[in-house]
2 protein chains.
Amino acid sequence: MEKQVTIYDLARALNLSTATISRALDDSPLVKLRTREMIRAMAEKMGYRQNLIASNLRKQQSRTIGVLLHEVNSHFATSVLSGIEKITTKERYDILIAHSGEDGAREIANTRNLFNKRVDGLIVSLAMTTSSMDHFSPFFEQGIPVVFFDRIIKKMPCSKIVIDNLKAGYQATAHLLDQGYRRIAHITASLQRNVYEDRFKGYKKALADHRIPFVPELVETCSLNREDTLEALNKLLLQKPDAFFITNDFAAAVCMDALQQKGIRIPGDMGMIGFNNDILGSLISPKLSTIDYPGLLMGETAAQTLMEKIKTKKNGKAILESKNITIPSTLIIRESTGKKDRPGRSRKA
Amino acid sequence: MEKQVTIYDLARALNLSTATISRALDDSPLVKLRTREMIRAMAEKMGYRQNLIASNLRKQQSRTIGVLLHEVNSHFATSVLSGIEKITTKERYDILIAHSGEDGAREIANTRNLFNKRVDGLIVSLAMTTSSMDHFSPFFEQGIPVVFFDRIIKKMPCSKIVIDNLKAGYQATAHLLDQGYRRIAHITASLQRNVYEDRFKGYKKALADHRIPFVPELVETCSLNREDTLEALNKLLLQKPDAFFITNDFAAAVCMDALQQKGIRIPGDMGMIGFNNDILGSLISPKLSTIDYPGLLMGETAAQTLMEKIKTKKNGKAILESKNITIPSTLIIRESTGKKDRPGRSRKA
DNA sequence: TTGAAAGCGCTAACAG
DNA sequence: CTGTTAGCGCTTTCAA
């Protein structure tokens with residue numbers, strides 16, 4: 001456990017001031033090239049490593065951005081993360097990831113911690129149970145840029161990156177209708193969250209446009225984990241649906257598995273469409289139709305937007321207008337939404 | 001963009017010294033209870049937030065641990081991460097995640113950065129292409145605890161958390177053999193990495209124990225992404241194998257899909273076993289037999305081990321003996337390894 | 001082109 | 001129980 005080498009050590013060794021050392025290590029043109037080279041060489045030789053904590057304290061920044069997620073164990077979340085990372089590493093920022101496990105209280109604690117760590121910006125997707133937004137106010141008060149993505153609150157005064165969930169929900173539902181399905185059940189999560197609310201609206205709008213009555217009993221909300229999804233599925237099955245629009249591919253896969261075990265053929269007897277375009281969907285059988293949700297692009301866009309805000313802030317310009325960016329999503333048609341069999345015409349398995 | 005409230009502001013407001021403020025906010029019993037309460041109230045009122053950067057500089061710690069991963073987009077990786085997080089949040093540590101995307105050069109850059117950020121400890125799973133270990137020496141020199149997990153280097157002087165990959169590879173192969181399969185192909189990744197090397201050894205040992213000759217042409221190594229895996233699959237198919245032991249569930253699922261499209265029945269015509277127990281495996285059809293790889297436990301154990309090291313270090317005890325911990329893994333038998341059909345006895349599909 | 005010196009916000013000896 | 005004081009290691013004005 002040796003002592004760290006500091007710029008003082010370098011200064012002493014070279015008979016220079018710490019100011020010069022600091023400048024040289026930053027490659028400042030204020031320092032004569034030869035001195036710079038000398039200093040670099042000595043730093044190398046003595047095994048000097050910059051102390052970023054000290055540097056950050058002095059510069060009043062952390063060169064770190066906070067990412068507040070509800071969960072990380074999905075293909076979507078990891079895509080977003082790599083999108084964010086792609087941008088931030090290019091700009092030499094670190095990311096501090098905090099995830100709430102869908103728990104509002106933990107989200108608040110995490111937010112507080114990230115603030116105390118003096119992150120230079122924040123990227124957020126809300127937890128399922130978050131209702132108040134007060135925990136973000138320290139960021140707003142200090143003018144620390146915040147960007148929301150995916151799960152947002154529409155009236156927050158900051159930039160937001162979303163997809164058009166209403167349209168996507170509409171497309172998914174309309175596609176099932178076009179394939180001949182009529183009693184479409186919908187499994188989704190808390191309608192407090194914009195994404196689920198909007199998809200639900202899309203679902204209803206598609207039904208209305210096709211003159212199919214909306215049946216509230218055909219809609220269940222749950223946490224979307226395995227057990228809860230199966231419970232929702234069984235409840236809905238009592239309503240004799242002929243198709244499912246499920247707001248998450250994993251949950252859809254779970255349902256497909258359960259339905260097939262009951263001898264229900266997908267498609268044919270039952271249509272099924274998911275949401276997110278998880279790789280999972282292309283590996284199960286039948287392959288799952290879904291909505292492509294470009295996580296990577298979303299992460300990149302969120303990070304890009306944040307970086308711009310951080311930069312304009314540094315240049316002293318306080319005019320941080322909020323942008324609302326909508327990322328395109330696409331309907332992916334695979335096998336699980338093949339045409340519905342007409343009654344009395346059922347095929348062999 | 002208001003000015004931050006510091007302990008100086010509190011001290012001035014209450015006519016106390018910063019020392020007292022600092023102690024009170026730390027809930028030190030050295031401060032009279034009433035004063036403490038007063039200070040807390042004032043801090044609340046003035047919107048004080050601790051500056052962790054300053055605190056960390058002073059305390060010569062970051063209360064952050066670095067996690068160096070090769071990839072984060074797998075169920076295994078996210079399980080490990082939540083295991084780590086479970087322990088570290090309890091101890092009020094943050095985690096700084098860096099992932100190399102299997103690129104040795106990026107791993108080196110990340111390691112350097114985490115060092116400069118003065119992480120209090122490091123948890124590492126090596127990238128596929130890392131060969132030298134020099135980038136870790138600053139940590140060893142400074143006595144900063146490092147724990148390796150999963151992808152390790154056996155001769156490194158630090159704690160390591162692994163599963164018994166040899167045994168697991170043996171079990172997977174032996175199970176296929178027990179089910180009547182004889183020409184078992186093996187798709188794996190770089191044999192430089194202990195995990196793949198050991199599984200391969202287990203594979204060979206199982207063959208030997210069953211007096212089946214080892215055929216080098218039945219083994220392919222690749223990156224395990226979709227394209228490379230399919231390429232390996234097609235190459236191996238020329239060797240007429242009757243089963244596959246694939247060192248990763250995702251790759252196994254990709255292969256199963258491709259094989260089924262060729263009309264090959266699994267099981268029966270072909271046995272298939274994966275590795276990792278990704279949720280994926282229980283959702284595809286047939287359900288994939290695999291080796292359960294307890295990521296959560298692995299993460300917890302790694303974090304626990306690291307925390308202990310950090311603590312003993314803080315107490316000045318420098319005797320950081322390296323532990324080698326082996327986590328149990330289990331063979332999960334599902335459908336994809338059903339008995340092999342005997343020739344001339346093939347069933348209907 | 002370089003140096004002196006102040007200070008970022010906090011903590012912890014030491015003193016009282 | 002509270003205060004004084006000296007830094008942690010770095011950056012950055014200001015002066016030379």
Check each residue of residues 29-36 of chain B for a non-hydrogen atom within less than 4.0 Å of any atom in DNA chain D, then write out the ones that pass by number, or none. L30(B), V31(B), K32(B), T35(B)
Using a cut-off of 4.0 Å on non-hydrogen atoms, how would the nucleic acid contact of [X] be classed: base, sugar-phosphate, or nothing?
| X | value |
| --- | --- |
| S55(B) | sugar-phosphate |
| L52(B) | nothing |
| N15(A) | sugar-phosphate |

Counting only side-chain N and O atoms of [X], is one of them less than 4.0 Å from OP1 or OP2 of [N]?
| X | N | answer |
| --- | --- | --- |
| T20(B) | dG3(D) | yes |
| Q60(B) | dG7(D) | no |
| S17(B) | dG3(D) | yes |
| Y48(A) | dC10(D) | yes |

K59(B) or S22(A), whichever maps to the more 5' nucleotide of DNA chain D: K59(B)
Contacts of [X] that satisfy side chain to side chain donor-acceptor pair (under 3.5 Å) - sequence neighbours left out:
| X | value |
| --- | --- |
| K59(A) | none |
| N15(B) | none |
| T305(A) | none |

Which pairs with one or both residues in residues 87-101 of chain A pass salt bridge (Lys or Arg N to Asp or Glu O under 4.0 Å), sequence neighbours excluded?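 Pairs touching residues 87-101 of chain A that pass the test: E91(A)-K311(A), D94(A)-K117(B).
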Considering only residues two or more places apart or on different chains, which pairs with a residue in residues 11-25 of chain B satisfy salt bridge (Lys or Arg N to Asp or Glu O under 4.0 Å)?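 Output for this query lists D9(B)-R12(B).
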Quickly work out the [X] [atom1] to [N] [atom2] distance and round it to whole Å.
| X | N | atom1 | atom2 | answer |
| --- | --- | --- | --- | --- |
| Q4(A) | dG9(D) | CD | P | 8 Å |
| N116(A) | dG9(C) | CG | C1' | 13 Å |
| K117(A) | dG9(C) | NZ | P | 18 Å |
| D26(A) | dT12(D) | CG | P | 8 Å |

Got a sec, which pairs hit side chain to side chain donor-acceptor pair (under 3.5 Å) with one end in residues 127-138 of chain B, sequence neighbours left out? E107(B)-T130(B), E107(B)-H135(B), S132(B)-D134(B)
Nearest-nucleotide pick for A54(B), side chain only, options being dC8(D), dC10(C), dC8(C): dC10(C)
What pairs with T35(A) under side-chain contact (heavy atoms from CB on, under 4.5 Å), at least two apart in sequence or on another chain? L16(A), V31(A), K32(A), M38(A), I39(A)
Salt bridge flag under 4.0 Å for residues D27(A) and R36(A): yes
Might you list the N or O atoms of the protein lying below 3.5 Å from N or O atoms in nucleotides 13-15 of chain D, with each pair's distance?
from: dT13(D); atom 1: O4; to: R23(A); atom 2: NH2; distance (Å): 3.1

Parallel, tilted or perpendicular: ring planes of F149(B) versus F76(B), cut at 30 and 60 degrees: tilted
5'-most contact on DNA chain C (nearest-nucleotide basis), L16(A) vs Y8(A), goes to L16(A)
